[in-house]
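Worksheet: the structure to be examined is printed underneath.
All residue numbers in this chain count up from 1 along the given sequence.
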Amino acid sequence: MDVQMAAFHCADSFLKQLMVTKLSQCQYALPLLIPDPFTQQIAFPLWTFRQIRKSWKTKNTNNEFISQIQPVCRAQTPMVSFFRFGSVSSSKSQLMNSLINEKHNTFFHRNCPGSSKTRVLMDGVVEIAWFCPSGKNTDKFNDCIAFCNLHGDAGHNEKQLQILTEMASVNVVLLPQLQSNDTGMIRVKKLYNDSKPFICLFAESDSALTETPQGKYKIGLKNRSQSDISEELRKAVNDCLSLSSSKSSFPFILEDVSKHSDIIVDEKNDDDCRSGNEAAQQMMSLLKNKKLTVIKESLLPYQGKLWHQWCQKNKELHRLQINESDMESTKKNRDLMKIREQQQEYDINEFMTLFIKKMNSGAAEKMFFLKWLGILLDENISADLTALHHKFNEQWSTVLKLKENNDKSRKLKAEEKKLEGMSEELQAAAFGLEHIMREVGQIYESCLSVQKIKSGLEFEISYLPSLAAEMMISGFPLELMDGDAAHVPVIWITAVLEELIQKLGDKRVFVLSVLGIQSSGKSTMLNAMFGLQFAVSAGRCTRGAFMQLVRVSDEMKKQLNLDYILVVDTEGLRSAELAGRSTRHHDNEMATFVVGLANLTLINIFGENLSEMQDILQIVVQAFLRMKKVKLNPSCVFVHQNVSDITAVEKNMEGRRRLQETLDEMTKLAAKEEVYDAERFSDVIEFDIRNDVKYFAQLWEGNPPMAPTNPYYCENIQELKKTIMSHASKSERMKLIDLKDRIQDLWEALLNEKFVFSFQNSLEITAYRRLETEYNKWSWTLRSAMLETEHKLQNKIENGAINEVEEKYLNIQLKEQSIRVKNLMSDFFEKDTDSEILIQWKNSFEIKIQELQETIIRETNRKLNGILQQRDVKKIIDAQRTKHENALFEKSKELALKLKDQAKDEVMLKNEFDLFWNEFVKQIVTDTPINDIDILKEVKLLLSDIYKSAPVDSWTESSECSDVLSVQSYSDYVQLKKSSGFTGHIKNAYKAAKEKIGRVLSKEDEIQLRIFVTDVAQQIERKIVSFNIAKMGFNISCIQQLVDYIKTRVKQHQEGQVNYVFKNEFFMDLVHCIFRRANKTFTQQHRLFREANDPVLYLEKKKEEYYSIFQKHLQGAASSVIFGEILCQKLKERIEQSVYRNSARDLIDGISITCESLNGGRINLEKHILKFLAEKKNFSAYLDYINYPREHFENFIRDEVSQYMTLNLNVSVFPKMKENIELLQKKIMEAVHESFEHVQANSGDIDLWLKIFTQQLSDVLIFSEKDLHGVKHDDVDDFNLLKEVLTTKLPAIMPDTSKEFNTDTFYKKLDRTDRIDEILIDHVRSVKPPALKQKTMLEITVFFSTE
């Protein structure tokens, strides 16, 4: 004890406080009154008690147990004082220990190991300890009691005795045989006659407990057992306390000791301590009359809703959907800046201004200020937090009870909502020094982001990181990850680390982190190992991760080659208070961050069960496999806490082997998912099963609150510390600047990741991806069925059989397949081997498949109604075509009759027909011309009307105009924005200088602009295709829409987060460049429209057919023969169209099964794209995918389909074509026979025959009666001959795949919407499973780094 007191006398105020706090945690007595070894002046170290809090349970007036947590300085408890006069053989301290804890030496005494007979510094020292009841029947006392022990002869320590006897509720004196006139005896008599309860212990008496007057007791010690004495003394103390309580005596309050005169109180005697207290009290005065749950909202607005919105938006920006455009990205960037601007507009209130001002005090005063502020804030929230936790636990129990009873009523939802509200209240109520520093960080980040200096500030914004760096150097932890927002404030952390480098130099650091389930002893372990200050109470609901610097001693620096150890502590995983908030994603993200950041991570496990941490570790491993860009080299040590068996190491060799197998198995599973070569856990995270598994004894010997620490725990701590030092000596050297870069890179990678963090473990990921594959099959079943219905309805629309399409009808058509899909889903979720895992997603996937079904029906309805519109637009053209065909048919027939006698002169007949044909066509050109279009001319006219001064007069297809898409630099097209304020003048001068030398834009700006103009051009191309000019024809309004779109995009871009504006020439050149490139697309689309609708072109294609009919008339063929041949010629084109369209749809099923990249969900497709990029090793293709993911995505599908068609031409494509030809031929022949039988049965004419024939084919062919309106057929009456002609001619008009077919012709014969690749692109784009997947830079990099 003399050694302890010597260290205490030599320590400064902060070390004294740390020593006393640690002694209290270990259940040792604490120095209360200390005589100066030289002057004998009595000192009361009140400051050293400020951080100590005691908890206990007592009964209230209703006989209910209530919990209390109070700081010992202000706790109101009875106090029992022990002292002696003279020299006695019995140990007073040992006797006190038997009262408080028989198994622990709370007070050090003469019989303890290492004790000595003589005392040098302990004489006159008063120690204090508290007994805290646990609320059990075994408690020795029913209330919290303070016990004070005066070391040495009380007769020689008058001042200490006076203080104790005045403040005690019960005085206990230990006496030898004294003379009546002895000064000690005189003092005893005085105490005996006082009204306070008094207990005398006689060393030379063997009498049992005796009560003299009320409240006065005698107990003999001589020749009596220790247990009997302890029992009697305990009874006497309890009786005295009951008597004292009934007399309403004043309770003992530790702070009141300072009221005594002639003693030195450290808090009053130290100017820095006093100043720090006054500053902290000044800040606390600003919290008066404020409700705890709204303090943060009112005093710390920078870290409130706006900060949380910014964090969410930032994650959305990094996790853009694969179909989101550059414009959407720009909008999110603009939103982020707007939030920062709103955040920066908050006033920096008096509370924060005062805090920052006090942080600029002297070093010692600042340390006291921070300590005091932390202590006072804890005291301020303690009572309310305890009450909130009590309410939360009661509410949680209510919810659990309802769940156990399978209650699914509204009451459960209401109770869960109430629980969520309490969870939010708990989070809001937590208010400590870390929240104030978080506010400082957000003030700094917001001001730096918007590059504005707030007016009227009493401090420099740029100085804030320096304050945080000084705190870290002084030993305070700093928040690394904001747990409330689940975000790392990278700008702030980077600035603080840069300040650390400035103040310390670029020191070498070893990063140690800890990870574990809530209340598994993480912070306690770190505090015990390094003497740190991490919060260890479950009452504080702080979330996130904190880092603290530990300086390495000069001696250890040489051994470890390190300057500092940076310890990273984290919140407990699977927190009960936060269970209502989907914490899985947050826990997995934070675990990956701290494991990736550290050189070594301690995986803290309560007991020997790894199951909870195993799930998190699987996610960490899988995340690392997806984040090779960051080049992590983590290692870990498993620490099993609370393992009481001292032979655990030997007994758990089999357990270690199973642990190794489990870790390896989960790594293989994760590696398989990520296409990575890893067989063992140690391939990803360095780990040695023989040396990196530790078993810790339980922290406490017995049950709290009176249980002392377990000495074996301390030994385990030392052993673990050696292991850590061993890792540190072998680890890769990292400097502070490397740490700064690692934090930035790792957080950037985590921001880009989302998918893997949403799962509990790798098994879940595997199950989910299998579910995705099934979902893709279910969705294709629905889409395939709707495509078939769509084709049938499209035929009927074109044939004029129907004039409207309703969603209700489409629903009925899809009902059968919808029921089938629902049954397939039900079977999968119920019968799959992982059904217990899959069940959690059943509801979301059922909702999603229903949404998909509605989307498919809605899209199909829109498309079919579009075809109806197209049909109406073409009515005039079709009417003109019919008129021309009818006239042509009649006139060619007349010519044939006229030249019938000259039928043998083939040359003359051909010349006569050509002459007739040319005259007829010339007349049509005059009647119905469809002119060519000149896009650049139309754009020029439009812009000339809008911009009178626009230099567009010289625009032509070959005009020399800057190609905006391929210029070397955009500097000539922009002008830098002007800055305002004092610093703005300097910036403007700098910008002017850059403009003079032509270096306006940075490299990043150039890249951003190039991406922008390329995206605009691609969007224009896509819009042109959507106009469907090939079907609907060209309209000048198309040009207007496109120009307006370009104008809007340009305006949005320059209003975004850029420091320049565009010159007028940029818009003009961009429009010209885009339309010059788009001219080809317009021309091709218009050509297709002309080919389909221009009567001249149409008739030119039919010339040979009409000449054939002309020859038949010359030969005098029957009307039935001529009509049959005309019918076959009309059918030929439509048969070909139907065969190609049906074959395309049928081939998709084969492609989906055979082609690996297309037989799963979107994630599977992305994986194959990335794998292809890695194998190709073409960096330009890699950049193309990063910048234009949608286009790359679509082109990849097109290439896959084209490759499949080429490789499987003879195996799949030809057989499928042949099958469809045979089916269609059979269907046509059935229609011929059916119409023949119907006419025969009803004595019908050719019109009835044609009506029945076309009706029979309306589902499979676009062919109707109107197709023959131009052919006179009223004289056809020989139906047997007609049937014979059709039966004979039909095989000849069926497509011959062996002669006509190749991959190119296959696509040429199909409309864009019927192409295999376009159908698959639409399908993959629309199929979006509930857990969304994003294309990320991270995923791209995975496959490149793998290769």
Side-chain angles (χ1 to χ4, degrees), residues 791 794-795 798-799 878 881-882 884-886 888-889 892 1088 1091-1095 1097-1113 1117 1119-1144 1214 1216-1233 1235 1246 1249-1250 1253-1273 1276 1281-1302 1304-1311 1314:
H791 290 158
Q794 185 177 347
N795 291 339
E798 297 283 5
N799 295 332
D878 288 341
R881 181 186 293 173
T882 301
H884 294 314
E885 284 193 273
N886 199 26
L888 185 60
F889 182 80
S892 64
L1088 292 173
E1091 287 176 357
N1093 298 286
D1094 189 318
L1097 294 176
Y1098 175 77
L1099 290 175
E1100 283 294 339
K1101 289 190 292 185
K1102 301 290 184 181
K1103 186 176 180 181
E1104 291 302 319
E1105 294 176 19
Y1106 277 99
Y1107 184 66
S1108 175
I1109 294 167
F1110 171 71
Q1111 287 180 314
K1112 293 291 181 186
H1113 280 299
S1119 298
S1120 297
V1121 174
I1122 294 172
F1123 181 71
E1125 291 205 4
I1126 293 172
L1127 189 60
C1128 287
Q1129 289 171 358
K1130 294 279 185 184
L1131 282 171
K1132 182 177 181 181
E1133 185 178 334
R1134 303 304 172 87
I1135 289 170
E1136 186 179 72
Q1137 181 184 15
S1138 179
V1139 167
Y1140 278 92
R1141 194 166 63 177
N1142 290 337
S1143 299
F1214 281 163
K1216 184 59 66 178
M1217 292 278 290
K1218 188 176 180 181
E1219 182 184 336
N1220 280 311
I1221 290 168
E1222 290 171 355
L1223 284 172
L1224 192 56
Q1225 185 173 340
K1226 181 181 177 184
K1227 185 76 175 176
I1228 293 170
M1229 290 309 301
E1230 287 174 357
V1232 170
H1233 290 295
S1235 55
I1246 187 62
W1249 185 92
L1250 189 59
F1253 179 73
T1254 54
Q1255 283 179 352
Q1256 292 290 315
L1257 297 177
S1258 61
D1259 281 353
V1260 294
L1261 282 180
I1262 299 175
F1263 187 74
S1264 65
E1265 292 175 81
K1266 69 176 183 179
D1267 288 302
L1268 292 164
H1269 282 175
V1271 180
K1272 191 173 180 181
H1273 53 267
V1276 176
L1281 182 59
L1282 176 61
K1283 180 181 177 183
E1284 183 183 339
V1285 170
L1286 291 174
T1287 305
T1288 307
K1289 293 287 185 181
L1290 188 61
I1293 65 170
M1294 301 307 287
D1296 187 350
T1297 56
S1298 62
K1299 294 180 180 178
E1300 301 175 7
F1301 181 79
N1302 58 51
D1304 292 334
T1305 58
F1306 191 87
Y1307 284 134
K1308 287 177 182 177
K1309 300 290 184 181
L1310 290 169
D1311 286 342
D1314 294 324

(message) Testing the basics here: between E798 and S1264, what is the closest heavy-atom pair and its distance to 0.1 Å?
(response) O-OG, 4.5 Å
(message) Quick check: closest heavy atoms across A1231 and Q1256, and the distance to 0.1 Å?
(response) CB-CB, 3.6 Å
(request) Supply the atom-to-atom distance L1282 CG to F1253 CZ, rounded to the nearest 0.5 angstrom. (result) 8.5 Å
(message) Could you measure the distance from the CD1 atom of I1135 to the CD1 atom of I1293? Nearest 0.5 Å is fine.
(response) 4.0 Å
(request) Just do the side-chain contact (heavy atoms from CB on, under 4.5 Å) check on I1246 and F1123 with the steps written out, would you? (result) CA-CA 10 Å; I1246 187 62; F1123 181 71; 3.8 Å; yes
(message) Whether the side chain of S1138 engages the backbone of L1261 through a donor-acceptor N/O pair (distance < 3.5 Å, no angle test) should be reported.
(response) no
(request) Kindly give the heavy-atom pair with the smallest separation between L1257 and K1227, and that separation in Å. (result) CD2-O, 4.0 Å
(message) Quiz question: by atom type and distance under 3.5 Å, do the side chains of R1141 and N795 form a donor-acceptor pair?
(response) yes
(message) On a heavy-atom basis, which atom in F1263 and which in K1130 lie closest, and how many Å separate them?
(response) CE1-CB, 3.8 Å
(message) Heavy-atom count check: over 12 atoms from other residues, nucleotides or ligands less than 6.0 Å from Q1255 CD?
(response) yes
(message) For the CG atom of N1142 and the CG atom of D1314, what is their distance to the nearest 0.5 Å?
(response) 9.5 Å
(message) Measuring from atom CG of L1281 to atom CG of L1286, what distance do you get when rounded to the nearest 0.5 angstrom?
(response) 9.5 Å
(request) Calculate, to the nearest 0.5 Å, the distance between atoms NZ and CD belonging to K1289 and E1125 respectively. (result) 4.5 Å
(message) Distance check, rounded to the nearest 0.5 Å: M1294 atom CE versus E1222 atom CD?
(response) 9.0 Å
(message) More than 12 heavy atoms of other residues, nucleotides or ligands under 6.0 Å from CD of E1284: yes or no?
(response) no
(request) Return the minimal non-hydrogen interatomic distance between S1143 and N1220, and the atom names on each side. (result) OG-ND2, 2.9 Å
